[in-house]
2 protein chains.
Amino acid sequence: MAQPGTVDRILDTAEVLFAQKGFAETSLRAITSKAGVNLAAVNYHFGSKEALIQAVFERFLTPFSVALAAKLDELEAAGTPDTPDTILGIVSRLALGTHPQDPQRAAIFFRLAGQAYSQPQGHLRQYLNRHYGDVFERLQVHLQRAVPDVPPMELFWRVQFSLGAVIFTLSGLESLQGISKTDFNLDLTAADITRRLLPFLVGGIQADVPAQ
Amino acid sequence: MAQPGTVDRILDTAEVLFAQKGFAETSLRAITSKAGVNLAAVNYHFGSKEALIQAVFERFLTPFSVALAAKLDELEAAGTPDTPDTILGIVSRLALGTHPQDPQRAAIFFRLAGQAYSQPQGHLRQYLNRHYGDVFERLQVHLQRAVPDVPPMELFWRVQFSLGAVIFTLSGLESLQGISKTDFNLDLTAADITRRLLPFLVGGIQADVPAQ
DNA sequence: CTTGCTTCCAAACGTATGTTTGAAACGTAT
DNA sequence: ATACGTTTCAAACATACGTTTGGAAGCAAG
């Protein structure tokens with residue numbers, strides 16, 4: 001497995017740069033030079049830039065989705081009744097805690113997710129759906145039990161809205177932190193924002209469906 | 001003012017392509033060839049690609065913000081009491097109706113906005129804030145009156161969350177429409193989604209603030 | 001018809017990108 | 001020590017990009 005580090009150094013650096021500048025705007029040269037490895041290393045170890053991007057996501061999402069699946073197992077085994085608070089609470093705690101070593105890691109993850117999702121063409125979106133769609137659907141089933149009065153289609157969209165709120169906010173965290181600091185003189189971490197997000201999402205998801 | 005069309009043909013084409021593929025992924029050659037104008041026309045008429053992007057936004061946002069300001073004037077003149085529904089209703093109707101000629105135009109606009117906002121570096125975000133920040137703040141004031149129990153800071157974040165839900169959802173409309181079609185056998189327009197968005201946003205914005 | 005100004009156009013420029021190459025360096029097992 | 005598979009490296013490759021250029025085309029006023 002070669003010099004202990006090259007692959008991981010590439011992943012570490014790429015992760016940060018992708019989140020900072022976006023995929024297209026981050027060159028392999030920027031990654032490799034900052035990582036202190038040769039330019040050709042990316043193509044040697046990953047095959048292409050596209051494959052590197054996927055690898056970065058995999059390193060993030062696999063632990064997350066495994067942990068989420070486990071939590072859902074627990075929930076089902078214990079027979080805990082589903083409520084929006086418990087379901088969303090689990091997700092948010094996991095998102096913030098899957099990589100406890102680095103508190104900024106969660107922010108990076110959401111920035112990446114935002115980048116991926118806003119890639120209009122959507123290679124990445126397909127990839128994510130293909131690899132992590134199962135857990136996502138399980139989550140949706142539990143949510144449906146938590147708000148049985150919301151029709152499935154309506155709930156589907158509300159989950160999308162929630163995703164949007166989370167990813168969009170955390171992916172723009174830096175600028176927003178700046179605003180928050182000047183306007184309210186407060187520093188904010190991803191955890192702070194998540195705490196504020198939860199009531200908002202719960203309120204939105206269980207809102208009354210208009211008669212129409 | 002030259003051949004009637006070059007500038008507008010560039011703007012029309014750029015608008016669509018930017019929304020479809022993103023800014024970095026859309027080359028000037030793609031724009032000019034599809035628009036049927038010479039490659040050099042962009043730099044001649046706009047100065048640079050960056051300036052073209054700003055021009056595309058301006059064409060969208062200026063009518064919108066003018067109309068919004070007018071609506072807020074009305075509201076204040078009539079002395080209508082502020083409620084989340086009225087405020088958000090105004091915004092959503094305007095976003096969908098500022099360019100009534102083309103129903104798909106709203107979707108394009110939100111895709112553009114999503115692209116702009118997720119540009120991590122944020123040149124565009126700054127530009128938008130600088131040019132349209134005033135109207136945005138007025139809007140926020142009215143919202144605050146509508147939910148006086150929500151602390152200003154909390155409201156600020158909830159507005160961000162709402163922005164995320166809107167932009168993110170509509171910017172990914174195409175893929176989501178695909179899912180909706182297969183899973184629920186339903187076609188959706190931007191207007192449909194907006195109708196579903198409103199209760200979600202209202203529910204989120206006026207949710208109880210946890211004691212903490 | 002000439003002049004002056006704007007707009008258009010084909011071609012080229014310089015640069016940056018992802019990728020490939022072939023040899024050197026390395027580590028390991030024979 | 002030698003041979004072998006893996007990994008690193010500097011260099012080059014091909015391509016795509018945004019931008020610039022110099023002149024042609026168009027057009028209005030003198």
Side-chain angles (χ1 to χ4, degrees), chain A residues 1-59 112 115-116 118-124 127, chain B residues 1-59 112 115-116 118-124 127:
Chain A
M1 248 290 170
Q3 183 190 125
T6 300
V7 168
D8 286 317
R9 275 214 306 285
I10 292 177
L11 286 173
D12 288 339
T13 313
E15 172 182 302
V16 172
L17 290 185
F18 282 153
Q20 262 172 18
K21 309 196 160 205
F23 300 120
E25 294 79 2
T26 303
S27 68
L28 293 187
R29 282 170 177 80
I31 296 171
T32 51
S33 75
K34 184 160 187 181
V37 305
N38 187 273
L39 167 61
V42 168
N43 285 279
Y44 176 76
H45 286 287
F46 297 93
S48 70
K49 185 182 181 180
E50 179 84 17
L52 169 63
I53 297 176
Q54 289 194 359
V56 168
F57 270 96
E58 226 174 274
R59 207 171 54 144
L112 282 176
Q115 293 281 334
S118 62
Q119 289 264 56
Q121 185 190 12
H123 277 166
L124 259 179
Y127 171 84
Chain B
M1 245 296 170
Q3 182 190 126
T6 302
V7 168
D8 286 317
R9 276 216 304 287
I10 293 177
L11 285 174
D12 288 339
T13 313
E15 172 182 304
V16 173
L17 290 185
F18 282 153
Q20 262 172 19
K21 308 194 162 209
F23 300 118
E25 293 80 2
T26 303
S27 68
L28 292 188
R29 282 170 176 82
I31 295 171
T32 52
S33 76
K34 183 161 189 182
V37 304
N38 187 274
L39 166 62
V42 169
N43 284 279
Y44 176 75
H45 287 287
F46 297 93
S48 69
K49 183 182 182 180
E50 179 84 17
L52 170 62
I53 296 177
Q54 289 194 359
V56 169
F57 270 96
E58 227 173 275
R59 206 169 57 143
L112 282 176
Q115 293 281 332
S118 61
Q119 288 264 56
Q121 183 190 13
H123 277 166
L124 260 179
Y127 171 85

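Every chain is numbered from 1 and lettered A, B, ... according to where its sequence line falls, protein lines coming before strand lines.
- Remark: B/E50 pairs with no residue by the side-chain hydrogen bond (donor to acceptor under 3.5 Å, both in side chains) rule, at least two apart or across chains.
- Across the protein-nucleic acid pair, B/K49 atom NZ and D/dT19 atom C1' stand 12 Å apart, rounded to whole Å.
- Computed from coordinates, the B/L39 CG to D/dT19 P distance equals 10 Å when rounded to whole Å.
- Computed from coordinates, the B/F46 CZ to C/dT7 C1' distance equals 14 Å when rounded to whole Å.
- Checking the phosphate oxygens (OP1, OP2) of C/dC8, a side-chain nitrogen or oxygen of B/H45 falls inside 4.0 Å.
- Between A/N38 and D/dT7 there is no side-chain polar atom (N or O) within less than 4.0 angstrom of OP1 or OP2.
- Per the geometry, CD belonging to A/E25 stands 12 Å off P belonging to D/dG18, to the nearest Å.
- With sequence neighbours excluded, the residues that form a salt bridge (Lys or Arg N to Asp or Glu O under 4.0 Å) with B/D12 are B/R59.
- For A/T13, the side-chain contact (heavy atoms from CB on, under 4.5 Å) partners are A/L17, A/I31, A/K34, A/A35, not counting sequence neighbours.
- Between A/K49 and A/F18, the closest heavy-atom pair is CE-CE2, 4.4 Å.
- Within a heavy-atom distance below 4.0 Å of DNA chain D, the residues of residues 26-34 of chain B found are B/T26, B/S27, B/L28, B/R29.
- Nearer to the 5' terminus of DNA chain D, by closest-nucleotide assignment, is the contact made by A/A40 (compared with the other of A/A40 and B/E50).
- Listed pair B/T6 / C/dC8 meets the phosphate criterion, a side-chain N or O lying under 4.0 Å from OP1 or OP2.
- By the side-chain contact (heavy atoms from CB on, under 4.5 Å) test, A/A41 pairs with A/T6, A/I10, A/V37, A/H45, sequence neighbours left out.
- Where pairing requires Watson-Crick or G-U contacts shorter than 3.5 Å, the helical stems of DNA chain C with at least three consecutive pairs are C:1-30 with D:1-30.
- Following rounding to the nearest Å, A/Y44 (OH) and D/dA10 (P) show an atom-to-atom distance of 17 Å.
- In this structure, the CG atom of B/L52 is 15 Å from the C1' atom of D/dC17, given to the nearest Å.
- Side-chain atoms of B/L52 and B/N43, non-hydrogen and from C-beta on, never get closer than 4.5 Å to each other.
- Between B/L11 and B/A55, the closest heavy-atom pair is CD2-CB, 4.0 Å.
- Looking at heavy atoms from C-beta onward, B/F46 lies out of side-chain contact with B/V56 at the 4.5 angstrom threshold.
- Shown here for A/S33 and A/A30, the closest heavy-atom pair between the two residues is OG-O, 3.4 Å.
- For C/dG18, the OP1/OP2 oxygens have no side-chain nitrogen or oxygen of A/N43 closer than 4.0 Å.
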